Amino acid sequence: MRTFLGYRRPDGRVGVRNHVLVLPTVVCANAVVERIAKHVPEVVAVTHPYGCTLDPVSNEEMTHILAGIASNPNVYGAILVALGCETVLVREVAAQVAETGKPVKVVSIESEGDTVAATEIGIAIAECLVRESKSASRVGVPLSELIVALECGASDAFSGLTANPAVGRASDILVGLGATVILSEVTEFLGAEHILADQAADAEVRSRILALVARTEEELSRIGPYGEFSDITPGNIAGGLTTIEQKSLGGIRKGGTTPVHEVVGYGQRPSRSGLVIMDTPGHDIALNMKAMARRAAKTLGMSYKDSRLIVAHMGGGGSVSAHVDGRMVDLYNCDKEGPFAAERAGGLPTLDLVNLCYSGRYSKEEVLRMLVGGGGLMSHLNTRDIREIEGRIESGDKHAEFVLRAMTYQFAKAIASFSATLEGKVDAIVITGGMAYSSRLVEWIKSRVSFIADVLVFPGENELEALALGVLRVLRNEEPAKVYE
Amino acid sequence: MALDERDNVGTVLCTGGKSEELTLPGGGTLQLAEDIPSGHKVTLRPIKKGELVVKYGAAIGEATCDISAGAHVHVHNVRSLRGKARGAGEAK
């Protein structure tokens, strides 16, 4: 029997790492978590944009997911940092983690008085836990207790020829030795699900795989009449991938050739070994925007169908969309038009662009790279990191300030143009995406568009929540499931 | 490189120039009808408009026009049968 060296946890599960985890229960506690991690570099800090929604189902899921992360056997002990007023209750997360028998400590900013006090306490607890964790030691453990999760990363045409098949061979070997291998990111199955379905160990698994992909495809196709969101990115295309089928066929190879024994939900533990599929999405701006639109409607006390919204997503890429009658009816996709974003050039003067393309100075790939990946803030300031840019502004960098203002100006124009689309009747403007964490950026946009409607800010990406909520709406009979034939 | 004998396209490993002759894995050669960048696909035999483009032994899309042998196969002459092509109803 083959073995590996692992840390046996009190609940019997085995990890290959011995982390002290610092985890906020809500986005407001992120700063404290980051400061603790700065002072105690041995910890693993995981920040996130969630933790406070008006949807009780979301709260329950978030509690479960946060507890799941902290319960992972790679974690020796966890420090949960709460604000105190959020809707995800830290005592519930802590209780679930405590069931594993591992040390879990809670730091509540409100109880300590303020973030400074909470940070001090957090640092002390972290140092103590790190010292304690050194007492854990590894033992020989049968490979049947090993769980390996597979992630995709920036596919090109070679991924399906080299990297993924190589990982697939490793998956086959591990499964053969009794381990569990988890394949996920359902959006990366589109076009290849018939192969995965054929690999199912039984009819039930087979139909679950097909249902999973059908639901995901339905969510993607409901993006309104334009269908602008490509399943493959400009980077994929430049690298030689032509269609989602080609990408998926290459992608699924990383799971290997053994039968798929189970399909589990997001954050659900596999109940058996072998190859397992977990329902998780790839990253999807479209889903995030729709999720944010629905959330905004809820915040306003309306149904999504009755609301009239403008949603601006500002991340590495970006987009601005108009929503009415429960659909997205118009859109700027920064990959090719509209405002420039962190690394996208957005819309450009057409004549100048044509002259650039035919100047003989650049290849097509080089020009595409200027537009996507190397455009926007990246091209002006050599960074796409909003925190770094804000740091520069605070140190007096006038150019950085000018560029950031220019970006907010362009987004504000795009947002305002959709007030025409919605005939001046706008219930709310939503700003979302990673850059929405910057209050400076948000204020600059607000100053130009708040005359149109109230501005709601939901920082970060919530597409994972979006998919989960979509399934729940079907389960609760709030929406019919679309049958895929 | 072609991975499956049912494939009608292969992947060019190193950027190939027009008229260059490539050795096929199963034996024989193929002359490139045009420049093809590394990682991109080339037809192993002529493909007719509407015919399925096959890679990994499965359909990755359909040809939007006739394609001769040794030609570049990519977003300009292949469209997906899934995803946004289905949902939007508009072919690229």
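Nothing here was measured: the structure is a model prediction, and the numbers come from that model.
- B:Lys41 touches chain A through its side chain: at least one heavy atom from C-beta onward sits under 4.5 Å away, while N, CA, C and O do not.
- In this structure, chain A has no heavy atom under 4.5 Å from any part of B:Val53.
- Scanning all heavy atoms of the two residues, the minimum distance from A:Val181 to A:Leu150 falls at CG1-CD1, 3.6 Å.
- For A:Tyr332, the ring pair (Phe, Tyr, Trp, His ring centres under 6.0 Å) partners at least two apart in sequence or on another chain are A:Phe418.
- Residues forming a salt bridge (charged side-chain N to carboxylate O under 4.0 Å, His left out) with B:Asp4 (at least two apart in sequence, or on another chain): B:Arg6.
- Contacts between A:Leu161 and chain B at a heavy-atom distance below 4.5 Å involve backbone atoms as well as side-chain atoms.
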Original post:
Do B:Asn8 and B:Glu51 pass the side chain to side chain contact (heavy atoms under 4.5 Å, CB included) test, and can you show the C-alpha distance, the side-chain angles, and the key distance before you say yes or no?
Top reply: CA-CA 10 Å; B:Asn8 54 15; B:Glu51 194 181 333; 4.0 Å; yes
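- With chain A as the partner, the residue from B:Lys55, B:His76, B:His40 showing the most heavy-atom pairs under 4.5 Å is B:His40.
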